[in-house]
Amino acid sequence: FLKHGVTKDEMKWLHRENLYLDMFVCGAKPEYEYVRDTFGHPPEVVQYVGFCRFDNLMRNDHRERMILLMPTWRGAHYPSGEAFADTAFCRAYQSLLLSDELAQLLEQYDYRLVFYPHVEMQRYMPLFQTRSERVILADKSTHDVQRLLTDCAMLVTDYSSVFFDYANLRRPMLFYMYDREEYQHQLRDFYLDLDELPGPIVQTQQELVPTLQGLLQSFTPDERYTAFCDRFTYRDDGGASARVWAEVFRREQAKRKAL
């Protein structure tokens, strides 16, 4: 089972009686321990081998003068259709994309900003506009998300598990949580305690732009960033694909010998 992100929730469909697996791949030690102790799979099924997709991140040191703005999904019960235009998500990001302060910052530092929301939110891209040539509205039809992650010099997200990916690059991250209370208590909750996140948290657009500027001027991973990487990226060494393949091959060999 090669997942697209870190497992954090107790989901019935992941339990052994509902999902028979030969191998459940985990990308972080705390995730491995949670999956092992929660879903009832035999010990040999749950494997802490790292996520294959992280391997390319480790092999690519290319960097552009680009900020990636990548907010996550708000869940299946978030207002949709015509009602989406009046959501906090739509209002917050439309305001930011039209911000003169943001446009001036990008001009001053010669950066671009790429707005690439979660794939489930991309159906609403026609609702978003920008007046700046330095702000790019992107989706899966125009941009490859893995390439965006390797190329960007900074990530701005909210609650997305993409920060686990990006931490491998040891580049600056910023968490824009304008709807923090709503997300935590009404939508999907957080992956971690917020004081464990590897970057500053802002809740208003007025805080966001100067914080971006500070990170553009100077960035060195602090103790919190380093502690996060020590805890969650230990096996992200570029060898996950090889470990997964070796484990699959070993299991197939064992099955053949048992026949």
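Every value quoted in this text rests on a predicted model; they were computed, and no experiment measured them.
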Ser95 (side chain) donor-acceptor with Ala92 (main chain) under 3.5 angstrom:
no
Looking at every heavy atom in both Leu215 and Pro200, which two are closest together, and how far apart are they?
CD1-CG, 4.2 Å
Please examine the side chains of Val145 and Met70, heavy atoms only from C-beta on, and report whether any two atoms are closer than 4.5 Å.
yes
Pairwise side-chain contact, Met66 with Arg63, heavy-atom cut-off 4.5 Å (strictly under)
no
dist Leu69:CG -> Leu96:CG (nearest 0.5 Å) comes out at 6.0 Å
Qualifying residue, where the test is ring pair (Phe, Tyr, Trp, His ring centres under 6.0 Å) with Phe1 and the options are Phe51, Tyr20, Phe24:
Phe24
For His15, check ring-ring contact (aromatic ring centres under 6.0 Å, His included) against everything at least two apart and list the hits.
Phe39
Would you mind reporting whether Arg131 and Asp100 have side-chain heavy atoms less than 4.5 Å apart?
yes
Determine whether Leu169 and Leu148 fall in the same hydrophobic cluster, where Ile, Leu, Val, Met, Phe, Trp and Tyr are linked whenever their side-chain heavy atoms lie under 4.5 Å apart.
yes
Heavy-atom closest pair (Met11 atom, Thr7 atom, distance to 0.1 Å) is CE-CG2, 4.3 Å
Same apolar cluster (I L V M F W Y, side chains within < 4.5 Å links), Leu19/Val25
no
Over 12 foreign heavy atoms within 6.0 Å of CD, Glu17
yes
CZ on Arg112 to CD on Glu107, rounded to 0.5 Å:
13.5 Å
Check the pair Leu212, Leu102 against side chain to side chain contact (heavy atoms under 4.5 Å, CB included), reporting the backbone distance first and the verdict last.
CA-CA 9 Å; Leu212 280 175; Leu102 176 63; 4.1 Å; yes
Kindly indicate whether a cation-pi arrangement holds for Arg91 with Phe89, taking the cut-offs as under 6.0 Å to the six-membered ring centre and within 45° of the axis.
no
As an exercise, state the distance from OG1 of Thr204 to CD of Gln206, rounded to the nearest 0.5 Å.
4.5 Å
Any side-chain heavy-atom pair from Asp151 and Leu68 closer than 4.5 angstrom?
no
Please list all pairs meeting side chain to side chain donor-acceptor pair (under 3.5 Å) that have one or both residues in residues 37-53, counting only residues at least two apart or in different chains.
Arg53-Asp165
Looking at every non-hydrogen atom in both residues, tell me the closest pair between Met125 and Ala138 and how far apart they are.
CE-O, 3.4 Å
Is the shortest heavy-atom distance from the side chain of Asp179 to the side chain of Arg74 under 4.5 Å?
yes
Could you tell me which residues satisfy ring-ring contact (aromatic ring centres under 6.0 Å, His included) with Phe228, sequence neighbours excluded, listed by chain and number?
Phe163, Phe164, Phe232
Within a radius of less than 6.0 Å around CZ of Arg147, do more than 12 heavy atoms belonging to other residues, nucleotides or ligands occur?
no
Measure the shortest side-chain to side-chain distance between Leu174 and Val202 over non-hydrogen atoms and say whether it is less than 4.5 angstrom.
yes
Atom CZ in Arg134, atom CD1 in Ile136: separation rounded to 0.5 Å?
9.0 Å
Using a strict cut-off of less than 4.0 Å between a Lys/Arg side-chain nitrogen and an Asp/Glu carboxylate oxygen, indicate whether Asp158 and Arg180 qualify as a salt bridge.
no
For the side chain of Gln94 and the backbone of Gln129, is there at least one donor-acceptor N/O pair under 3.5 Å apart?
yes
Starting from Trp13, can I reach Met23 by hopping between I/L/V/M/F/W/Y residues whose side chains sit under 4.5 Å apart?
no
Does Thr157 offer a backbone N or O that forms a donor-acceptor pair with the side chain of Ser160 under 3.5 Å?
no
Cluster link Val119 to Val6, ILVMFWY, side chain under 4.5 Å:
no
Sequence neighbours excluded, the answer for ring-ring contact (aromatic ring centres under 6.0 Å, His included) partners of Tyr166 is none
Main-chain N/O of Tyr109 paired with Arg65 side-chain donor or acceptor, under 3.5 Å:
yes
Are side-chain N/O atoms of Tyr111 and Glu64 paired as donor and acceptor at under 3.5 Å?
no
Tyr93 and Phe128 aromatic centres sub-6.0 Å:
no
Under the salt bridge (Lys or Arg N to Asp or Glu O under 4.0 Å) rule, collect the residues that match up with Glu207, sequence neighbours excluded.
none
Examine distances only and state if a side-chain atom of Gln122 and a backbone atom of Pro117 form a donor-acceptor pair shorter than 3.5 Å.
yes
Euclidean distance, Asp236 CG relative to Leu57 CG, rounded to 0.5 Å:
8.5 Å
Met154 to Leu216 - nearest heavy-atom pair and separation
CE-CD2, 3.6 Å
Given Leu155 and Arg171, is the side chain to side chain contact (heavy atoms under 4.5 Å, CB included) satisfied, shown in steps?
CA-CA 8 Å; Leu155 173 69; Arg171 298 177 190 173; over 6 Å; no
Charged N-O contact under 4.0 Å between Glu247 and Arg250:
yes
Hydrophobic clusters here meaning ILVMFWY residues chained together by side-chain heavy-atom distances under 4.5 Å, can you tell me if Leu127 and Tyr116 are in one?
yes
Side chain to side chain contact (heavy atoms under 4.5 Å, CB included) evaluation trace for Val46 with Tyr32
CA-CA 7 Å; Val46 184; Tyr32 162 74; 3.5 Å; yes
Sequence neighbours excluded, every pair satisfying side chain to side chain donor-acceptor pair (under 3.5 Å) that has a member inside residues 218-235:
Glu196-Arg231
Quick check: do Phe84 and Cys90 have side-chain heavy atoms less than 4.5 Å from each other?
yes
Taking it one step at a time, do Leu113 and Thr130 satisfy side chain to side chain contact (heavy atoms under 4.5 Å, CB included)?
CA-CA 11 Å; Leu113 181 139; Thr130 178; over 6 Å; no
Glu252 with Lys257: basic N within carboxylate O range, under 4.0 Å:
no
Nearest 0.5 angstrom please: Thr72 OG1 to Glu120 CD, how far?
10.0 Å
Can you confirm whether Lys29 is buried at NZ, in the sense that more than 12 heavy atoms of other residues, nucleotides or ligands lie under 6.0 Å from that atom?
no
Counting distance only, does the side-chain N/O of Glu31 pair as donor-acceptor with the main-chain N or O of Cys26 below 3.5 Å?
no
Intermediate values then yes/no, salt bridge (Lys or Arg N to Asp or Glu O under 4.0 Å), Arg243 and Asp237
CA-CA 11 Å; Arg243 285 191 293 271; Asp237 54 6; 3.1 Å; yes
Determine whether a donor-acceptor pair (N or O, by modelled atom type, separation under 3.5 Å) exists between the side chain of Asn18 and the backbone of Lys12.
yes
Is any side-chain heavy atom of Leu194 less than 4.5 Å from a side-chain heavy atom of Met177?
yes
Are Tyr176 and Tyr178 an aromatic pair, judged by ring center distance below 6.0 Å?
yes
